[in-house]
J.: 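Quick one: this structure, given as structure tokens, is what I'll be asking you about.
No hydrogens, no waters, no symmetry mates; every other heavy atom, side chains included, goes into these values.
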Amino acid sequence: QVQLSESGGGLVQAGGSLRLSCAASLGTFRDHVVGWFRRTPGKEREFVAALSLVSDYPEYGDFVQDRFTISRDDAKITSYLQMNSLTPEDTAVYYCAARRSGFSFTSESDHDYDYWGQGTQVIVSS
């Protein structure tokens, strides 16, 4: 069973930065596509970013606009989401997710991810 755990959320002022971390059970990010999603109250889960196993080019949601960077440290079995130039519209619960083994490409659909962390709250004040 793949287990994921996010950390790094918190309260930040508009224009500030946060780095979210996603710790995985052993071997997960070497063999699994990793993605980040977010959810705000009353809205569906929204794609933020993802890294495939076959490309060095990550994918980002349209709203990111070069403000966020996803990375993966396989040695530490951790994925990171560096978020800069945050706005109040970025306030959400952020989730780390992974596709099951055998899928090498990213997806923007949360239905394609099989393993999820518990989420970490990000609040951006104006």
J.: What pair of heavy atoms forms the shortest contact from W36 to S79, and how long is it?
T.: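 W36 and S79 have their closest heavy atoms at NE1-OG, 3.2 Å.
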J.: Measure across I77 and S25 and return the closest heavy-atom pair with its distance rounded to 0.1 Å.
T.: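 Shortest heavy-atom contact: CG2-O, 3.4 Å.
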J.: Once side chain to side chain contact (heavy atoms under 4.5 Å, CB included) is applied, do any residues pair with S71, and if so which ones, sequence neighbours excluded?
T.: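 Partners of S71 under the side chain to side chain contact (heavy atoms under 4.5 Å, CB included) test: Y80.
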J.: Can you check whether L20 reaches S7 side chain to side chain, under 4.5 Å on heavy atoms?
T.: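 SC-SC contact between L20 and S7 ruled out.
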J.: Rounded to the nearest 0.5 Å, how far apart are CZ of R19 and OG of S21?
T.: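 It is 5.0 Å, given to the nearest 0.5 Å.
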J.: Is there a path of hydrophobic side-chain contacts, each under 4.5 Å between heavy atoms, that joins I123 and V93?
T.: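 Result: no, two separate clusters.
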J.: Please check this pair: side chain of R67 against backbone of S85, looking for a donor-acceptor N/O pair closer than 3.5 Å.
T.: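 Pair found, side chain donor or acceptor close to backbone of S85.
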J.: Go through Y60 and E108 one step at a time and tell me if the side-chain contact (heavy atoms from CB on, under 4.5 Å) criterion holds.
T.: CA-CA 9 Å; Y60 295 98; E108 296 188 9; over 6 Å; no
J.: If you look at every heavy atom in D112 and S107, which pair is closest and at what distance?
T.: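 The answer is OD2-OG, 2.5 Å.
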J.: Mind checking the OG-CZ spacing from S52 to F103? Nearest 0.5 Å is all I need.
T.: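 So the gap between those two atoms works out to 14.0 Å.
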J.: Taking the side chain as everything from C-beta on, heavy atoms only, tell me whether L53 gets closer than 4.5 Å to F105.
T.: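 Contact flag for L53/F105 side chains = no.
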J.: Provide the closest heavy-atom pair for D90 versus V122 in the form atom of the first, atom of the second, distance.
T.: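 Shortest heavy-atom separation between D90 and V122 comes out as O-CG1, 4.3 Å.
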J.: How long is the straight-line distance from CZ of R39 back to CD of E46, given to the nearest 0.5 Å?
T.: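 Between atom CD of E46 and atom CZ of R39 there are 11.5 Å.
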J.: Check whether E6 reaches the backbone of C22 with its side chain - one donor and one acceptor, N or O, closer than 3.5 Å.
T.: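 No, E6 side chain to C22 backbone: no donor-acceptor pair under 3.5 Å.
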J.: Begin from the C-alpha positions of D62 and V64 and carry the test side-chain contact (heavy atoms from CB on, under 4.5 Å) through to its verdict.
T.: CA-CA 6 Å; D62 292 339; V64 171; over 6 Å; no
J.: Going by heavy atoms in the side chains, are F68 and L81 under 4.5 Å from each other?
T.: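 Yes, their side chains come closer than 4.5 Å.
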J.: Of all the heavy-atom pairs spanning L11 and S125, show the shortest one and how long it is.
T.: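 Looking at all heavy atoms of both residues, the shortest contact is CD1-CB, 4.3 Å.
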J.: Does a side-chain heavy-atom distance below 4.5 Å link T91 with Q121?
T.: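 Yes - at least one pair of side-chain heavy atoms lies under 4.5 Å apart.
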J.: Would you please say whether a donor-acceptor pair under 3.5 Å links the side chains of N84 and S17?
T.: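 Yes - a donor-acceptor pair under 3.5 Å links their side chains.
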J.: Can the positive tip of R38 be found less than 6.0 Å from the middle of the six-membered ring of F63, inside 45° of the ring normal?
T.: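 That pair qualifies as a cation-pi contact.
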J.: Would you sort out whether Y95 and F37 count as a ring pair (Phe, Tyr, Trp, His ring centres under 6.0 Å), showing the intermediate values?
T.: CA-CA 5 Å; Y95 298 89; F37 290 79; 8.8 Å; no
J.: If we ignore angles and hydrogens, is there a donor and acceptor under 3.5 Å between the side chains of T106 and E59?
T.: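 Note: T106 and E59 side chains meet the donor-acceptor criterion.
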J.: If you measure from CZ on R100 to CG on D114, what distance do you get to the nearest 0.5 Å?
T.: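 Between R100 CZ and D114 CG, I get 5.0 Å after rounding to 0.5 Å.
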J.: What pair of heavy atoms forms the shortest contact from R99 to H32, and how long is it?
T.: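 Scanning both residues completely, I find the closest heavy atoms to be O-ND1, 2.6 Å.
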J.: Measure the OH-CG distance between Y94 and L18 for me, rounded to the nearest 0.5 Å.
T.: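 Rounded to the nearest 0.5 Å, the OH-CG separation comes out at 9.0 Å.
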J.: For Q118, does the CD atom sit with more than 12 other heavy atoms under 6.0 Å from it, leaving out its own atoms?
T.: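 Above 12, so yes.
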